[in-house]
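A short worksheet on the structure shown next.
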Amino acid sequence: MRAFRAFGIVNHYLHIRNSNTMPLSSFFPFGGPKISDRIESFREAERRLLEYARTRFAPNHNRDQDIAAADDHHFELFDTPVSIPSVIDGGASACQVHDNNNGALSSSEKNYSLHGVRVVNKRLMMSDEKRGAPLVLLHGYANGSLYFYRNLMGLSRRFGTIYALDMLGWGMSSRPKFDLIAGDNDAIGDDVAVGHDDDDSGHAAATTTSIDTRRKVSSAESFFVESLESWRKAHGLPKMTLAGHSMGGYMSVAYAERYPQHVERLILLSPVGVPECSPADEGRIDTFPFYVRTMIKTVRYLFNKGITPGSFLRSLPYSRSRSMVDGYIERRLPAITCPDERRHLGEYLYQNSMLPGSGEYCLSEILTAGGGGQKTLI
């Protein structure tokens with residue numbers, strides 16, 4: 001019965017991908033929240049998390065010291081114009097959020113915008129202590145810059161300036177459609193062998209597939225790497241300590257590979273794309289019960305069709321989608337026990353996923369359905 005249920009959801013979620021994002025009005029007869037309302041909710045949650053970062057998580061043990069530490073720090077939200085990545089299809093270059101006349105930031109036809117937060121430890125910056133390059137934080141999949149809100153004050157003891165960014169396509173950064181131009185042979189590296197037409201063993205076809213995959217990976221990486229490099233230039237940073245969590249860790253490596261001269265240190269926090277799936281891993285799946293194998297194959301099929309967690313959430317009624325986000329916080333972030341803090345973080349993550357999908361569609365371009373990297377980091 002479970003297997004039939006798994007097969008029954010395939011056509012529904014294929015429709016989600018074909019329409020990019022399912023309209024909220026499909027589930028709300030009087031229309032779902034407007035993009036401007038979602039942006040307002042997101043910004044309010046962001047403001048709350050920023051206040052928590054400033055006042056609650058200073059690395060001290062009493063309130064007076066926390067207040068003094070907050071006075072020594074400057075917190076600032078910013079929006080930086082960046083060049084449109086070269087892999088963006090010209091017909092899909094308009095931002096889905098900031099160009100909709102909904103009260104959000106406007107984007108010009110020649111620029112996107114990267115949003116983020118900057119934290120400056122004024123005492124450390126004025127001291128004689130030798131300061132290294134600023135710390136730049138890249139968030140994980142389906143997150144944003146304020147996902148690091150509990151870490152900013154602590155990290156500022158070591159780094160005089162910290163930037164946490166909403167990567168292109170997430171948070172309050174521009175969200176163009178993820179319709180990319182495939183990279184050329186120069187962009188995919190020198191380690192790809194080209195097969196011969198007269199190879200009857202199928203080697204040529206397999207190699208061609210590998211080249212196509214590498215082109216997709218290169219384009220997906222360029223979407224994020226080029227926007228980050230444009231942001232670095234705009235802020236005049238000759239070097240930075242680049243730290244990335246999960247998908248942000250993967251993109252940090254991709255950036256460092258292309259622009260090593262601008263990376264003083266590279267810090268990877270549970271990066272994706274490191275493991276390489278082996279035949280033994282696939283063999284273990286065959287030992288599972290039939291309904292488990294069916295569910296795994298169904299999920300992989302949907303993954304390969306471009307169905308993302310965000311598009312899945314956008315297809316659900318509010319009560320169900322919001323409860324899934326709240327459940328994620330309860331399971332993955334048990335250290336957060338304050339009800340208000342949970343609520344504001346939940347709103348931040350929820351609205352991030354409810355806004356039009358963009359960067360989230362890199363998932364199947366970068367990773368395999370088994371969780372490994374299309375191009376492994378190591």
Side-chain angles (χ1 to χ4, degrees), residues 85 87 136-145 147-148 164-171 173 178 180 182-183 187-192 206-207 209-229 240-260 262-263 265-282 284-285 296 299-312 328 332 352-353 357-378:
V87 293
V136 177
L137 297 169
L138 300 184
H139 60 81
Y141 187 84
N143 283 312
S145 57
Y147 195 71
F148 296 107
L165 306 181
D166 290 349
M167 291 195 293
L168 185 63
W170 274 304
S173 291
F178 201 77
L180 307 183
I188 61 178
D190 299 326
D191 56 343
V192 181
T207 304
T209 302
S210 176
I211 292 174
D212 289 343
T213 298
R214 287 177 175 270
R215 284 174 175 162
K216 289 181 179 180
V217 170
S218 176
S219 294
E221 291 177 353
S222 295
F223 180 87
F224 301 102
V225 169
E226 290 183 18
S227 57
L228 177 58
E229 171 60 5
M240 52 189 173
T241 294
L242 190 57
H245 170 243
S246 188
M247 185 65 77
Y250 180 100
M251 293 305 168
S252 296
V253 173
Y255 179 88
E257 287 177 337
R258 298 194 194 185
Y259 301 101
H262 299 307
V263 179
R265 290 184 179 87
L266 182 63
I267 303 172
L268 304 181
L269 311 170
S270 300
V272 299
V274 174
E276 191 167 22
C277 297
S278 66
D281 296 328
E282 296 299 317
R284 280 196 293 272
I285 294 176
I296 291 174
V299 170
R300 288 186 170 187
Y301 178 77
L302 297 172
F303 179 95
N304 290 328
K305 289 295 183 179
I307 306 302
T308 66
S311 59
F312 175 80
Y328 165 85
R332 296 293 299 274
N352 195 13
S353 292
S358 177
E360 68 186 65
Y361 290 110
C362 75
L363 193 60
S364 59
E365 308 289 306
I366 297 295
L367 302 180
T368 66
Q374 300 277 10
K375 183 187 76 174
T376 55
L377 295 185
I378 300 177

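Index from 1, following the sequence.
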TODO: Applying side chain to side chain contact (heavy atoms under 4.5 Å, CB included), run through S353 and E360 and close with a yes or a no.
DONE: CA-CA 9 Å; S353 292; E360 68 186 65; 6.0 Å; no
- [ ] Apply side chain to side chain contact (heavy atoms under 4.5 Å, CB included) to Y141 and V272, showing your working.
- [x] CA-CA 10 Å; Y141 187 84; V272 299; over 6 Å; no
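The backbone N or O of S218 sits less than 3.5 Å from a side-chain atom of S222, completing a donor-acceptor pair. Between the side chain of N352 and the backbone N or O of N143, at least one donor-acceptor pair lies under 3.5 Å. The backbone N or O of G306 sits nowhere less than 3.5 Å from a side-chain atom of E365 that would complete a donor-acceptor pair. S252 places a side-chain N or O within donor-acceptor distance of the main-chain N or O of G248, the cut-off being under 3.5 Å. A side-chain donor-acceptor contact under 3.5 Å links T368 to the backbone of G372. Distance alone, capped at 3.5 Å, is enough to place a donor-acceptor pair between the H139 side chain and the M167 backbone.
In this structure, L363 and P309 have side chains that are in contact, with non-hydrogen atoms separated by less than 4.5 Å. Residues L228 and M251 form no side-chain contact, since every pair of their non-hydrogen atoms from C-beta on lies 4.5 Å or further apart. Between E221 and Y250, some side-chain heavy-atom pair lies under the 4.5 Å cut-off. With contacts defined as side-chain heavy-atom distances shorter than 4.5 Å, the pair K375/T213 does not qualify.
For the side chain to side chain contact (heavy atoms under 4.5 Å, CB included) test, residues two or more places apart in sequence or in another chain that qualify with L269 are H245, I267. Checked against salt bridge (Lys or Arg N to Asp or Glu O under 4.0 Å), E229 has the following partners two or more places apart in sequence or in another chain: R232. Residues satisfying the ring pair (Phe, Tyr, Trp, His ring centres under 6.0 Å) criterion with F303, sequence neighbours excluded, are absent altogether. Every residue meeting the ring pair (Phe, Tyr, Trp, His ring centres under 6.0 Å) condition with F224, not counting sequence neighbours, appears here in chain and number order: W170. Every residue was checked against the side chain to side chain donor-acceptor pair (under 3.5 Å) condition with Y259, not counting sequence neighbours, and none meets it. For Y147, the ring pair (Phe, Tyr, Trp, His ring centres under 6.0 Å) test picks out no residue, with sequence neighbours left out.
The two residues L268 and G249 come nearest to each other via the heavy atoms CD2-O, 3.5 Å. Pairing each heavy atom of S145 with each of D166, the nearest pair is N-OD1, 2.7 Å. Across all non-hydrogen atoms, the minimal contact from N304 to A369 is OD1-CB, 3.9 Å. When all heavy atoms are compared, the tightest approach of L367 to G373 is CD2-CA, 4.1 Å. Shortest non-hydrogen contact noted between S227 and L168 is OG-CB, 3.7 Å. Annotation for F178 and S358: closest pair CB-O, 3.4 Å, computed over non-hydrogen atoms.
Rounded to the nearest 0.5 Å, atoms CG (L180) and NZ (K216) are 11.0 Å apart.
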